[in-house]
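The next block holds one structure in the form of structure tokens; read it before the comments.
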Amino acid sequence: MGLGVWSMHFIGMHAYRLDFTVTHAPLLTLASVLPAILGSLGAMVVLSRDDIPHLTLFKAGIGLGGGIGVMHYTGMAAMRMPAVLYHALDLFLVSLVVAIGLGILSVYAYRLCQQGWGQRWERACASVSALCVSIAVCGMHYVAMQAAWFLPTPGVSASPSVMSGSHWLIYFISGSAVLIAALTLIASRVQRRLNASERDEHMTRSRLLEVISSLQEGVVLFDDRARIRLCNAAFERLMGVPTEELIGASIWQMTYAKDSQALNERIQQALLTQGKWRGMIQALSRQGQVFPAWLNVSRVTYADSDDRDYVALLSYRSEEQQAQQRIHYLAYHDSLTSLPNRRALQERLVECAQQASTESGWALLILFDIDRFKVLNDSLSQDIGDELLRQMAERLQQWQDNVSQVARLDGNEFALLAPLPATSQAAAEQEALRLTAEVQTSLTADYQLHGHTYPCRLNVGMLVFAPYERDSSATLFKRAGLALLEAKRHRDGDPQRFHQAQEDELEERLTLEGELRRAIYNHELCLHLQPQVDEQRRVIGAEALVRWSHPERGNISPGRFIPLAEETGLILPLGLWVLKEGCRILGEWCQDPGYHHLKLSLNVSVRQFQQPNFVDQVLASIEQYAAPAERLTLELTESLFLNDPEGTVQKMTELRKKGIRFALDDFGTGYSSLAYLKALPLDTLKIDIAFVRDLTLNMQATPIAGTIIALAESLGLAVIAEGVETEDQREVLAHLGCSTYQGFLFGRPVPVESFLPEVLTDTSATSTQQSTSNPPAVIALGDESVS
């Protein structure tokens, strides 16, 4: 490489024409090749390593470029002429920058090409790097020559532009460079041939037979006419037949298994269509011994021939190996139906993703379960349910040839995975609906279960997806599961497709759940109070309503996070926080003469009240904040009394003995029963907002409200009408005998610190002003209907 760089420079020097005779000092000229060789050697040494730091590559590029520069200026110093050589400093520096810069570029070009393209493109990498080195030499040479200028010695006359006396050197250098390059190429090819010949020489037929003979599995090589060409000692031992009899015999005519003829047909068909076959067989030796064996037959493809040979491997399987296979089978199959299980389907989904071509192909994942399957088990016994599952599995297996996988996931839930022959998503969804309808029709036909005819109904969830998108199997199952959940909600038998909105809603709920959990434990919630007034509009108490002001989302409606808290169990810590915060407020009011007479109502959820330690929680909170028990009212809903009426009465009685009062919230909208209403230790009935809102709109609402008021009066209970928004509603309620009210007419829910003494002393004026200047909007009803 150094000689090639030097020859390019020296020939370029002889192409330079001056007005006087120029010669070259032989020794110094030959010495100028050394910097080129050293720079090339440094680059080669660095590039021959595997892991090279960037700094080392950078230094190697500087060495290569610097060697080119030193070579050039050493060669110019060897010039002998009747003139003085000068250099322009700026172009001199530019020439060095060109040489070093392109030297660095050539080193990095070779390394990057080698890393990006691999060994197969090593010649292309070398060509790119060689081009950069050539440009470096030429660029540096001509910039440097542009920087040189010559001042002839006075008295020297001009002569033809020739560098005399050095033509032999030009031919010598050029010939040497070409000769060395040719010898290098020839030597590399000879070396490859020698290596290949040496490998071929060592891998002779005898050695190949020795390798095959050392294998513990039986190996047989036969041609397309089934004639055995080669077999090893292990196969001879397993079959009990000498090798001399096996060579040249037809393997299809051998009785190597109990069902050889039928097995041969299956193997030949598989070899024609797929080129391979494998499976467990009951092998048979010549002595009549039957033993379990694993047979694997594959087609052999030769690179230099069109001959078709086949190789068969026969492995003896002991009872222990059979047990391991059984364990593996059970790990991937359902024991009741023998269908593949969830794990097998998950791995099949991974295979589909790996085999999918880029941006093409669609697939369908169906999840379905049997509607009202528990009712079937409870009414006709679990054996009948198992029989239904087995028969459904048999019907599913009939689809195995048309789909990629069928599986039983767990319980009464099954799955089907199928490719969709479609080029667009719309066509894929259309094909998915067609296939799903056919599968559903075949699976919902009547079943005969031990004399019982059972018309099966299915809940079906569908997911059309693109395997090339490489979604994880967990993600695919989650999305198909969301579609199945939607089908269970509808329960109309129609398949439900997955929509992205379902996943977005689920993620939103999970996010909101986490944020609500943090809000509860970080005390980010607050209580708002809505006044309760008597007939003179004097505030006699308030109902505490929980509010959540999210730092990013803003105010979140209770109608959104209270149901979420109920579903996730967060209602328990939330309810406990409301209880303690309410007792804290009561304790502070007790110390203020302007507030000590006020009562406070707290809503209690069903799950919170059913906690075994609920009574202890209430009493501990009252004691902790020195709250007057007689000023605390716990509001309960009617559904609480349906689950555990005896336990409910017992807890209410214990708390009632301590002075705590109870109100029945939303009376008249649930399962109102006079039997439990008479037995419960209640103090107050709250007329639901639905009746109050319709007092002036619906003629039926007035007698219902009157009946509730009369019922409460006959039982000795107080009555509070919630949701009072207009003066007309208040007048109707007053005429019916209700004297305690709650609603926007008298005040909206406000933070505790805004519940000022002025509200207590001048409620009448404030409420009148609200009703005349700012009539409440209907949309705000939710503020008090959900606590």
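By convention here, the first residue in the shown sequence is residue 1.
Two residues are said to be in side-chain contact when any heavy atoms from C-beta on lie closer than 4.5 Å; His450 and Asp383 fail this criterion. Side-chain contact between Leu295 and Trp277 is present, with at least one heavy-atom pair separated by less than 4.5 Å. For the pair Tyr332/Glu347, a side-chain contact is recorded, criterion being any heavy-atom separation below 4.5 Å from C-beta on. Contact check for Leu336 versus Leu389: side-chain heavy atoms found under the 4.5 Å cut-off. Residues Phe368 and Met392 form a side-chain contact, since some pair of their non-hydrogen atoms from C-beta on lies under 4.5 Å apart. For the pair Leu314 and Tyr256, the minimum side-chain heavy-atom distance is 4.5 Å or more. With contacts defined as side-chain heavy-atom distances shorter than 4.5 Å, the pair Leu396/Arg408 does not qualify. No side-chain heavy atom of His550 sits under 4.5 Å from any side-chain heavy atom of Phe561.
Under the 30°/60° scheme for interplanar angles, the aromatic rings of Tyr329 and His333 are found to lie parallel. Ring geometry for Tyr316 versus Phe291: interplanar angle of 30 to 60°, hence tilted. Ring planes of Trp362 and Tyr468: perpendicular class, angle over 60° (limits at 30 and 60°).
Within the model, atoms CZ of Arg547 and CG of Asn555 stand 9.0 Å from one another, a figure rounded to the nearest 0.5 Å. The distance from the OG1 atom of Thr423 to the CG atom of Leu420 is 11.5 Å, given to the nearest 0.5 Å. In this structure, Thr337 OG1 and Arg390 CZ are separated by 9.5 Å, a value rounded to the nearest 0.5 Å.
Counted within 6.0 Å of CD on Gln287, heavy atoms from surrounding residues, nucleotides or ligands total more than 12; the atom is thus considered enclosed. Heavy atoms of other residues, nucleotides or ligands lying less than 6.0 angstrom from CD of Gln282 number more than 12. The 12-atom threshold is not exceeded at CD of Gln382, counting heavy atoms of other residues, nucleotides or ligands nearer than 6.0 Å. Heavy atoms from other residues, nucleotides or ligands lying under 6.0 Å from CZ of Arg278 number 12 at most. When the shell of 6.0 Å around CZ of Arg489 is examined, it contains more than 12 heavy atoms from other residues, nucleotides or ligands.
Among the candidates Ile370, Leu376, Leu449, Asp446, the single residue satisfying the side chain to side chain contact (heavy atoms under 4.5 Å, CB included) test with Cys456 is Ile370.
Between the side chains of Asp369 and Asn412, no donor-acceptor pair of N or O atoms lies under 3.5 Å. Of the N and O atoms on the side chains of Glu394 and Gln398, not one donor lies less than 3.5 Å from an acceptor on the other residue. Side chains of Asn264 and Gln268: no donor on one and acceptor on the other come within 3.5 Å.
Residues Pro467 and Phe465 share a closest heavy-atom pair of CD-O, 3.5 Å. Nearest heavy atom pair, residue Leu463 against residue Leu476, reads CD2-O, 3.4 Å. Between Ala257 and Ile281, the closest heavy-atom pair is CB-CD1, 4.4 Å. Looking at every heavy atom in both residues, Leu365 comes nearest to Ala480 through CD2-CB, 3.9 Å. Shown here for Glu217 and Asn232, the closest heavy-atom pair between the two residues is O-ND2, 3.0 Å. Residue Pro558 comes nearest to Pro563 through the heavy atom pair O-CD, 3.5 Å, listed as atom of the first residue, atom of the second, then distance.
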**Request:** For side-chain contact (heavy atoms from CB on, under 4.5 Å), just list the numbers for Asp223 and Asp307, CA-CA rounded to whole Å, side-chain angles, deciding distance to a tenth of an Å, and then say yes or no.
**Result:** CA-CA 8 Å; Asp223 58 19; Asp307 294 341; over 6 Å; no
**Message:** Under the criterion side-chain contact (heavy atoms from CB on, under 4.5 Å), I'd like the reasoning laid out for Phe477 against Leu409: C-alpha separation, chi angles, the key distance, then a yes or no.
**Reply:** CA-CA 11 Å; Phe477 271 113; Leu409 303 183; 4.0 Å; yes
**Message:** Before you tell me yes or no, could you show the steps for Arg286 and Glu245 under side-chain contact (heavy atoms from CB on, under 4.5 Å), namely the whole-Å CA-CA distance, both residues' side-chain angles and the distance that decides it to 0.1 Å?
**Reply:** CA-CA 12 Å; Arg286 172 176 285 186; Glu245 296 184 24; 2.7 Å; yes
**Request:** Determine, stepwise, if the pair Asp504 / Gln500 fulfils side-chain contact (heavy atoms from CB on, under 4.5 Å).
**Result:** CA-CA 6 Å; Asp504 296 341; Gln500 187 60 42; 3.1 Å; yes
**Asked** Going through the distances and angles, do Glu265 and Gln261 end up as a side-chain hydrogen bond (donor to acceptor under 3.5 Å, both in side chains)?
**Response** CA-CA 7 Å; Glu265 294 179 2; Gln261 296 301 322; over 6 Å; no
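Taking the charged nitrogens against the carboxylate oxygens, Glu508 and Arg553 do have a contact shorter than 4.0 Å, which makes a salt bridge. Between Glu513 and Arg509 no salt bridge is recorded (no basic side-chain N to carboxylate O distance below 4.0 Å). Note on Lys478 versus Glu503: salt bridge recorded, some NZ/NE/NH1/NH2 to OD/OE distance being below 4.0 Å. Under 4.0 Å is where a charged nitrogen must lie from a carboxylate oxygen, and between Asp371 and Arg491 at least one such pair does.
No side-chain donor-acceptor contact under 3.5 Å links Arg299 to the backbone of Arg308.
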